[in-house]
A.B. asks: 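What follows is a structure written as structure tokens; I'll ask about it next.
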Amino acid sequence: MESHSILLHGLARPRANYPHARRVGNFIFVSGLSSRQPDDSIAGVTRTPDGRIIRDIARQTEAVIENLRLVLQAAGVDLAQVVDVTVFLVDMADYAAFNAVYDRYFTAESGPTRTTVAVRELPHPDLLIEIKAVASVPAP
């Protein structure tokens, strides 16, 4: 069965030795993605002059899904081919705001199955969300 890694140079590089995604046969398995940007900044995080840190779950969710779109496009598909997602939220109090953004990208009728879980923390203290996904490659 055909298998190859997908590693984008215009996306934040994984923090360990794994690809952004791996295609195996007609499926693309996308590693957990965050709102990290290519310059290692984190979308949805603002540091105020007085030292406060404001984390915006809506902006982070949008950035994660757009990062997912970039990985999928590099693999030759798009969000419409996503069949399953797992969402990791640091705080379930963010669930409604996350859903409001998620629902702009996916519908119950044509979108992927989804599991959402709360986690104690993610690899950076400013991250509020991570998403991993599986997409299918349409037959030629």
Side-chain angles (χ1 to χ4, degrees):
M1 184 175 287
E2 171 192 350
S3 173
H4 69 274
S5 294
I6 299 163
L7 187 60
L8 281 74
H9 297 292
L11 196 64
R13 187 158 178 80
R15 298 210 182 242
N17 289 327
Y18 59 87
H20 289 109
R22 175 170 291 284
R23 180 176 174 168
V24 180
N26 289 331
F27 290 96
I28 300 163
F29 298 88
V30 182
S31 297
L33 297 171
S34 70
S35 62
R36 280 180 50 235
Q37 302 298 291
D39 65 359
D40 261 347
S41 65
I42 298 174
V45 176
T46 304
R47 288 180 166 58
T48 65
D50 64 359
R52 289 181 302 123
I53 300 172
I54 301 168
R55 297 173 186 91
D56 181 345
I57 186 62
R59 179 64 191 104
Q60 285 197 24
T61 300
E62 183 177 79
V64 172
I65 295 173
E66 289 301 329
N67 283 342
L68 174 59
R69 184 192 308 271
L70 291 172
V71 172
L72 293 171
Q73 287 175 340
V77 297
D78 204 344
L79 293 173
Q81 283 73 48
V82 176
V83 295
D84 184 63
V85 296
T86 304
V87 180
F88 305 92
L89 291 177
V90 172
D91 189 343
M92 277 298 174
D94 290 334
Y95 190 72
F98 151 72
N99 272 331
V101 175
Y102 181 92
D103 290 349
R104 291 191 338 238
Y105 290 90
F106 301 106
T107 67
E109 296 77 24
S110 63
T113 60
R114 187 180 97 186
T115 302
T116 305
V117 296
V119 295
R120 192 174 72 106
E121 62 186 336
L122 291 168
H124 190 284
D126 287 337
L127 295 175
L128 301 174
I129 183 172
E130 184 172 306
I131 297 177
K132 64 177 295 193
V134 178
S136 65
V137 178

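Note that the structure is a prediction, hence the values are computed from the model and not measured.
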A.B. asks: When you look at V64 and V87, which way does the side-chain contact (heavy atoms from CB on, under 4.5 Å) test go after all the steps?
C.D. replies: CA-CA 10 Å; V64 172; V87 180; over 6 Å; no
A.B. asks: Looking at R104, I'd like to know if its CZ atom is crowded, meaning that more than 12 non-hydrogen atoms belonging to other residues, nucleotides or ligands lie closer than 6.0 Å.
C.D. replies: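 For R104, atom CZ is crowded (more than 12 foreign heavy atoms under 6.0 Å).
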A.B. asks: Rounded to the nearest 0.5 Å, what's the gap from CD1 on I129 to OH on Y95? Could you check?
C.D. replies: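 Between atom CD1 of I129 and atom OH of Y95 there are 11.0 Å.
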A.B. asks: Looking at NE2 of H4 and CZ of R22, how far apart are the two atoms once the value is rounded to the nearest 0.5 Å?
C.D. replies: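 Answer for the NE2-CZ pair, H4 versus R22, is 9.0 Å.
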A.B. asks: Below 4.5 Å, heavy atoms only, C-beta onward: do H20 and L7 meet side chain to side chain?
C.D. replies: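 Result yes, sub-4.5 Å side-chain heavy-atom pair found.
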A.B. asks: Below 4.5 Å, heavy atoms only, C-beta onward: do S35 and R59 meet side chain to side chain?
C.D. replies: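 When only atoms from C-beta onward are counted, R59 and S35 do not touch, as no gap falls below 4.5 Å.
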A.B. asks: Got R15 and R36 here, is their nearest side-chain heavy-atom distance under 4.5 Å?
C.D. replies: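 A side-chain contact exists here, since the closest heavy-atom pair is under 4.5 Å.
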A.B. asks: With sequence neighbours left out, which residue pairs that include part of residues 79-102 fulfil the salt bridge (Lys or Arg N to Asp or Glu O under 4.0 Å) condition?
C.D. replies: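 As it turns out, there is no salt bridge (Lys or Arg N to Asp or Glu O under 4.0 Å) pair with a partner in residues 79-102 once direct neighbours are skipped.
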A.B. asks: Hydrophobic clustering (ILVMFWY, side-chain heavy atoms < 4.5 Å, transitive) - are V90 and I131 grouped together?
C.D. replies: no
A.B. asks: What residues, two or more places apart in sequence or in another chain, satisfy salt bridge (Lys or Arg N to Asp or Glu O under 4.0 Å) together with R55?
C.D. replies: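 By the salt bridge (Lys or Arg N to Asp or Glu O under 4.0 Å) rule, R55 matches D126.
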A.B. asks: Indicate if L11 and V85 have the same hydrophobic cluster label, given that clusters are the connected sets of ILVMFWY residues with side-chain heavy-atom separations under 4.5 angstrom.
C.D. replies: yes
A.B. asks: Taking C-beta and beyond as the side chain, do Y102 and R114 meet within less than 4.5 Å on heavy atoms?
C.D. replies: yes
A.B. asks: Measure the shortest side-chain to side-chain distance between E62 and Y105 over non-hydrogen atoms and say whether it is less than 4.5 angstrom.
C.D. replies: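 Yes - at least one pair of side-chain heavy atoms lies under 4.5 Å apart.
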A.B. asks: If you round to the nearest 0.5 Å, how far is CG of N99 from OG1 of T61?
C.D. replies: 9.0 Å
A.B. asks: Would you say L79 and L33 are hydrophobically clustered, going by side-chain heavy atoms of ILVMFWY under 4.5 Å?
C.D. replies: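 Yes, one cluster joins them.
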A.B. asks: If you count the non-hydrogen atoms of other residues, nucleotides and ligands that lie under 6.0 Å from CG in N17, is the total more than 12?
C.D. replies: no
A.B. asks: To the closest 0.5 Å, what do you measure between OG (S31) and NZ (K132)?
C.D. replies: 7.5 Å
A.B. asks: What pair of heavy atoms forms the shortest contact from S3 to V24, and how long is it?
C.D. replies: OG-CG2, 3.8 Å
A.B. asks: Using a 4.5 Å cut-off on heavy atoms from C-beta on, say whether the side chain of D56 contacts that of T46.
C.D. replies: no
A.B. asks: Working to the nearest 0.5 Å, report the span between NE2 of H124 and CD of E130.
C.D. replies: 13.5 Å
A.B. asks: Do D78 and R69 have side-chain heavy atoms sitting under 4.5 Å apart?
C.D. replies: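 When only atoms from C-beta onward are counted, R69 and D78 do touch, with a gap below 4.5 Å.
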A.B. asks: Could you state whether V77 and F29 fall into the same hydrophobic cluster, counting links through intermediate Ile, Leu, Val, Met, Phe, Trp or Tyr residues with side-chain heavy atoms under 4.5 angstrom apart?
C.D. replies: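 V77 does not cluster with F29.
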A.B. asks: Rounded at 0.5 Å granularity, tell me how far OG in S34 sits from CD in Q60.
C.D. replies: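 Taking OG in S34 and CD in Q60, the distance rounds to 8.0 Å.
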A.B. asks: A side-chain contact here means heavy atoms from C-beta on lying under 4.5 Å apart; do P19 and I6 qualify?
C.D. replies: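 No; the side chains remain at least 4.5 Å from each other.
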A.B. asks: Starting from L128, can I reach I53 by hopping between I/L/V/M/F/W/Y residues whose side chains sit under 4.5 Å apart?
C.D. replies: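 Each belongs to a different hydrophobic cluster.
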